[in-house]
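Here is the structure we will look at, set down as structure tokens.
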Amino acid sequence: MSRVRGKTLDNLVTVARQFKSRGKVVAVEEYGNGNVNDTFLVTLDSKQEKHFILQRINTRVFRRPELVMLNMRTFSEHVRRRLQNTPLKPGRRWETVHIFLTEGGQDHWIDPEGSFWRAMSFIDGSQSFEIIEDVEHAREVGFALGMFHNLLSDLPSNKLLDTLQGFHITPRYLHHYDKVLRQKRPRKSPEVDYGLQFIQERRAGANVLENAKEQGRLVIRPIHGDPKVNNVMIDNATGEAISIVDLDTVKPGLVHYDIGDCLRSGCNPLGEETEQCEMVRFDPELCQAILQGYLSVAKDFLTDNDYEHLYEAIRLIAFELGLRFFTDYLEGNVYFKAKYQEHNLARALVQFKLTESIESQATAIQAIIRGLR
Ligand code: GN1
Ligand code: MG
């Protein structure tokens with residue numbers, strides 16, 4: 001029998017059966033490409049509910065998973081109320097996942113080995129993509145993030161708990177990188193040398209968003225934290241975005257982290273797992289489409305200061321993710337799941353090449369942002 005990180009499929013069926021659903025669990029399979037948690041698609045024998053999602057939370061990353069569940073609840077209740085009071089544009093549909101409870105009424109189940117499991121609905125009739133398919137898809141990905149920010153724009157950010165301290169605080173990642181470098185001597189290679197130098201040359205700019213936050217030019221709001229392309233669900237029938245999933249990192253932050261993350265993910269047509277890092281480039285046409293989609297629902301709450309930091313956010317979050325992957329490689333792959341020893345190094349190089357491409361097109365990207373204001 002095949003095994004998934006210490007679990008046989010039989011075990012997984014047993015885990016899935018801890019959660020109350022409308023049918024009998026008939027199959028469990030691995031699902032998606034998450035870098036942190038383990039995700040499974042559960043198939044039921046019920047016509048009304050064919051599937052649900054089962055996840056094992058990585059508690060090395062999310063030290064207090066019960067807080068993640070509390071945030072999900074706060075988020076869902078807020079959005080449900082908002083959608084009741086402010087209907088969407090005619091023809092648009094928006095779905096939010098709901099949490100499944102165990103027989104005992106809990107929103108998670110801890111197995112005998114101490115793993116933290118939770119389950120939630122699967123949005124039938126929709127799918128997500130690893131990379132952007134075309135300009136329309138790009139617009140929908142941007143729309144999804146704008147919709148998300150819009151729905152949360154009246155939720156005071158202090159209602160959400162900080163489930164992952166330091167997340168997207170670039171100077172903190174730099175600090176951690178320095179610490180790791182002091183402890184572990186990296187194995188020399190042209191790729192490692194490139195990474196070391198790349199980071200060195202960009203240290204000075206790492207504070208740009210945090211400084212703006214401290215000076216009150218950017219304000220804390222509820223954010224998604226991980227709005228990459230494959231977290232946006234697209235309706236199979238209409239091609240429209242109908243949800244943005246993966247709510248683990250919903251917490252207080254800067255919308256710039258989200259916008260930067262969405263663009264570094266969406267405007268890299270080769271995808272973040274490509275092996276051809278020399279070919280990686282940032283596509284300004286997709287950038288324009290994503291921002292257009294975003295602003296079609298988010299324009300009202302962006303200030304002049306917000307616009308003025310957008311370009312820096314795009315550059316910074318690509319750099320930051322490269323730095324996070326690179327550090328994890330140096331540290332021995334302790335955070336991101338890796339399929340082979342150098343996996344996180346390869347991922348880092350992709351983000352560094354993307355950052356270079358963003359930097360070399362700074363004027364064009366800034367012009368796109370100006371044109372959309
Ligand atoms: C991680 O696990 P996943 O794929 O949802 C990471 C994000 C990164 C992303 C890069 C909690 O997300 O910040 O942008 O990998 N999530 C966390 O693919 O660190
Ligand atoms: Mg995620």
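Residue numbers run from 1 in the order of the sequence given. One-based numbering, in listed order, for ligands and for the atoms of each.
Aromatic ring centroids of Phe336 and His343 lie 6.0 Å or more apart. For an aromatic pair to be called close, the ring centres must be under 6.0 Å apart, and Phe75 with Phe148 satisfies this.
Remark: Arg92 is positioned above the aromatic ring of Phe143, its terminal NZ or CZ atom under 6.0 angstrom from the ring centre and at most 45 degrees off the axis. The side-chain tip of Arg315 does not point at the ring of Tyr311 from less than 6.0 angstrom away and within 45° of straight on.
Taking the charged nitrogens against the carboxylate oxygens, Arg73 and Asp107 do have a contact shorter than 4.0 Å, which makes a salt bridge. Ion pair Lys337/Asp38 flagged as a salt bridge, since at least one NZ, NE, NH1 or NH2 atom sits closer than 4.0 Å to an Asp/Glu carboxylate oxygen.
Sorted by chain and number, the protein atoms of type N, O or S within less than 2.8 Å of the Mg ion (ligand 2) are Asp226 OD2, Asp246 OD2.
Side-chain atoms of Ser115 and Glu113 form no donor-acceptor pair, as typed in the model, at a separation below 3.5 Å.
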Under 3.5 Å, sequence neighbours excluded: what are the donor-acceptor pairs made by side chains of residues 172-179?
from, atom 1, to, atom 2, distance (Å)
Tyr173, OH, His168, N, 3.0
His176, NE2, Glu331, OE1, 3.0
Asp178, OD1, Arg203, NH1, 3.2
Asp178, OD1, Arg203, NH2, 3.3
Asp178, OD2, Arg203, NH2, 2.6

Cut-off 3.5 Å, no hydrogens considered: what does the side-chain donor-acceptor table look like for residues 15-22, sequence neighbours left out?
from, atom 1, to, atom 2, distance (Å)
Arg17, NH2, Val25, O, 2.9
Gln18, NE2, Thr14, O, 3.1
Ser21, OG, Gly23, O, 3.1

May I have the N/O to N/O pairs between ligand 1 and the protein that fall below 3.5 Å, each with atom names and distance to one decimal?
from, atom 1, to, atom 2, distance (Å)
ligand 1, 2 (O), Asn35, N, 2.9
ligand 1, 2 (O), Val36, N, 3.0
ligand 1, 4 (O), Asn35, N, 3.1
ligand 1, 4 (O), Lys228, NZ, 2.7
ligand 1, 5 (O), Asp226, OD2, 2.9
ligand 1, 5 (O), Asp246, OD2, 3.0
ligand 1, 12 (O), Asp226, OD2, 3.2
ligand 1, 13 (O), Arg324, NH1, 3.0
ligand 1, 13 (O), Arg324, NH2, 3.4
ligand 1, 14 (O), Arg264, NH2, 3.3
ligand 1, 15 (O), Asn35, ND2, 3.1
ligand 1, 18 (O), Asn35, ND2, 2.8
ligand 1, 18 (O), Lys228, NZ, 2.6
ligand 1, 18 (O), Glu272, OE2, 2.3
ligand 1, 19 (O), Arg324, NH2, 2.7
ligand 1, 19 (O), Tyr335, OH, 2.5

